[in-house]
Amino acid sequence: MVSEATLSPRPAPPIPYGMLAELTHRCPLQCPYCSNPVELDRRNVELDTETWLRVFSEAAKLGVLQVHLSGGEPTARRDLEQMIRHCVEVGLYTNLITAGVGVTPERLQSISDAGIDHVQLSFQGATAEVTDKVSNFRGAHERKLAVAREVRRLGLPLTVNSVVHRANIHQIPAFIELALELDAKRIEIAHSQYYGWALRNRGALMPTRDQVFWALDVVEEARVRLKGRLTIDAVVPDYYAKYPKPCMNGWGRQSLNVTPSGRVLPCHAAETIPNLDFWNVRDHSLSDVWLNAPSFNAFRGTDWMPELCQSCERKEVDWGGCRCQAMAIAGDAAATDPACHKSPLHAHLLALAEADAATGEAEYDYRRYSVPDRNN
Ligand code: SF4
Ligand code: FES
């Protein structure tokens, strides 16, 4: 029998370097690909300013370097500038992830004065017709263009974020042109990932295999052509891939998410996994959550992996893929991600994708509160 004294101690968890702060779920747009949960947090359960400031201090102490101020729409919080100033004070790099709609030049100036380091602006299409349809907001595109120009006029670095799916994947070349025209330094071309609202809308969003492979070629060609001028980051749709994505670069390894009401999650979709206990910053310090919360330790490292992954040379490359996708498709968060070609469910996943892509479905179930939020 092995005595406790002969067991090597469990390795300390790595230090997280990024934190996604979902300041609110309120948002003027209704994108059907949103990765927020289907049950959105309401304004009356949002953390107050003081608690967020404490969380940012604790994040800096824990070793976090970058904070992504996100939502919903983070500018819906009137105390955003106060939070940015505090992040700057405690030494955090701040990235504002915004949809841009409703952000006036005066507000942008005030956000810039508070010390924001970087702005990431979403475009739902490369043209007004597509942006307005996908976001379900007439005039959204024009407002975004104005915000992008103002961001650059203020001298702030800009990333254009475009989530692509069946209705706009053909616009990838136009998205890249748009980013150049707006003087963005970076564009993120992220294929819709099927969690939250996106999972609900999978039939209307899923691209065909031909579209995906065409898109990969377009991105590769543009990367070479625009090297040094525009950085192109692409998030590949893994339903058609051979290997899964290293989701979050490994569960509980590099980053954490805090929801509007203070639950701390290892990834944005973690709440789709039943029976995980998500600790709240109202009751625990961030470092206590990172080190000790059962939800963070559930799939940290490689010990939890099924034999298929345990014996695979890629186990510390993709960390077994995505736990939430394993839950959604295999019904077991500890299964090998079905996006992996070695998974017994891989053919099933591919068949699902092909069936969805063939539906021709064009109607969206737009993101919204189940009962409209009167405070919104
Ligand atoms: Fe990754 Fe597991 Fe597939 Fe290996 S078997 S490639 S570790 S998901
Ligand atoms: Fe949760 Fe991938 S989205 S692990």
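Whatever order the structure lists them in is the order used to number ligands and atoms, beginning at 1. Nothing fancy with the numbering, it's 1 onward along the sequence.
- Linking Ile, Leu, Val, Met, Phe, Trp and Tyr residues whenever their side-chain heavy atoms come within less than 4.5 Å places L256 and V281 in a single cluster.
- Within ligand 2, counting atoms from 1 as listed, the ones closer than 4.0 Å to a heavy atom of C324 are 1 (Fe), 3 (S), 4 (S).
- The distance from ligand 1 to the heavy atoms of K315 drops below 4.0 Å at these ligand atoms: 7 (S).
- Under the 30°/60° scheme for interplanar angles, the aromatic rings of Y364 and Y366 are found to stand perpendicular.
- For the pair D318 and ligand 1, a heavy-atom separation below 4.0 Å is found.
- Heavy atoms of M248 come nearer than 4.0 angstrom to ligand 2 in no pair at all.
- The side chain of P244, and not its backbone, has at least one atom closer than 4.0 Å to an atom of ligand 1 (non-hydrogen atoms only; side chain from C-beta on).
- At least one N, O or S atom of C267, from either the backbone or the side chain, sits less than 2.8 Å from atom 1 (Fe) of ligand 2.
- Atom 4 (Fe) of ligand 1 has its closest protein heavy atom at C312 SG, 2.3 Å.
- L291 and M19 fall within the same hydrophobic cluster, where Ile, Leu, Val, Met, Phe, Trp and Tyr residues are linked whenever their side-chain heavy atoms come under 4.5 Å apart, directly or through other members.
- In this structure, R225 pairs ionically with E221, as a charged nitrogen and a carboxylate oxygen lie closer than 4.0 Å.
- Ranking the protein heavy atoms by distance from atom 4 (S) of ligand 2 puts R323 N, 3.4 Å first.
- Atom numbering of ligand 2 starts at 1 in the shown order; those under 4.0 Å from a heavy atom of Y195 are 2 (Fe), 3 (S).
- Near C340, the atoms of ligand 1 lying under 4.0 angstrom from a non-hydrogen atom of the residue are 3 (Fe), 5 (S), 6 (S), 8 (S).
- Of the inter-residue distances, the one linking L92 atom CG with C87 atom SG reads 5.0 Å to the nearest 0.5 angstrom.
- Hydrophobic clustering keeps V317 apart from W319 (ILVMFWY residues linked when any side-chain heavy atoms are closer than 4.5 Å, directly or through intermediates).
- No side-chain donor-acceptor contact under 3.5 Å links H165 and S192.
- Among all protein heavy atoms, the one lying closest to atom 2 (Fe) of ligand 1 is C309 SG, 2.3 Å.
- Taking each heavy atom of V147 and V103 in turn, the nearest pair found is CG2-O, 3.6 Å.
- Less than 4.0 angstrom separates some heavy atom of C322 from each of these atoms of ligand 2: 2 (Fe), 3 (S), 4 (S).
- Residue L308 has at least one heavy-atom neighbour below 4.0 Å for each of these atoms of ligand 1: 5 (S).
- Interface atoms of ligand 1 facing T336, defined by a heavy-atom separation under 4.0 Å, are 8 (S).
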Query raised in the report: Do H170 and Q211 pass the side-chain contact (heavy atoms from CB on, under 4.5 Å) test, and can you show the C-alpha distance, the side-chain angles, and the key distance before you say yes or no?
Result: CA-CA 8 Å; H170 64 285; Q211 282 182 311; 5.6 Å; no
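- Using a 4.0 Å cut-off to heavy atoms of C247, the atoms of ligand 2 that qualify are 2 (Fe), 3 (S), 4 (S).
- Proximity of Y243 to ligand 1, defined as any heavy-atom pair under 4.0 Å, is confined to the side chain (atoms from C-beta onward).
- Annotation: cation-pi geometry satisfied between R300 and W290 (NZ/CZ under 6.0 angstrom from ring centroid, within 45° of ring axis).
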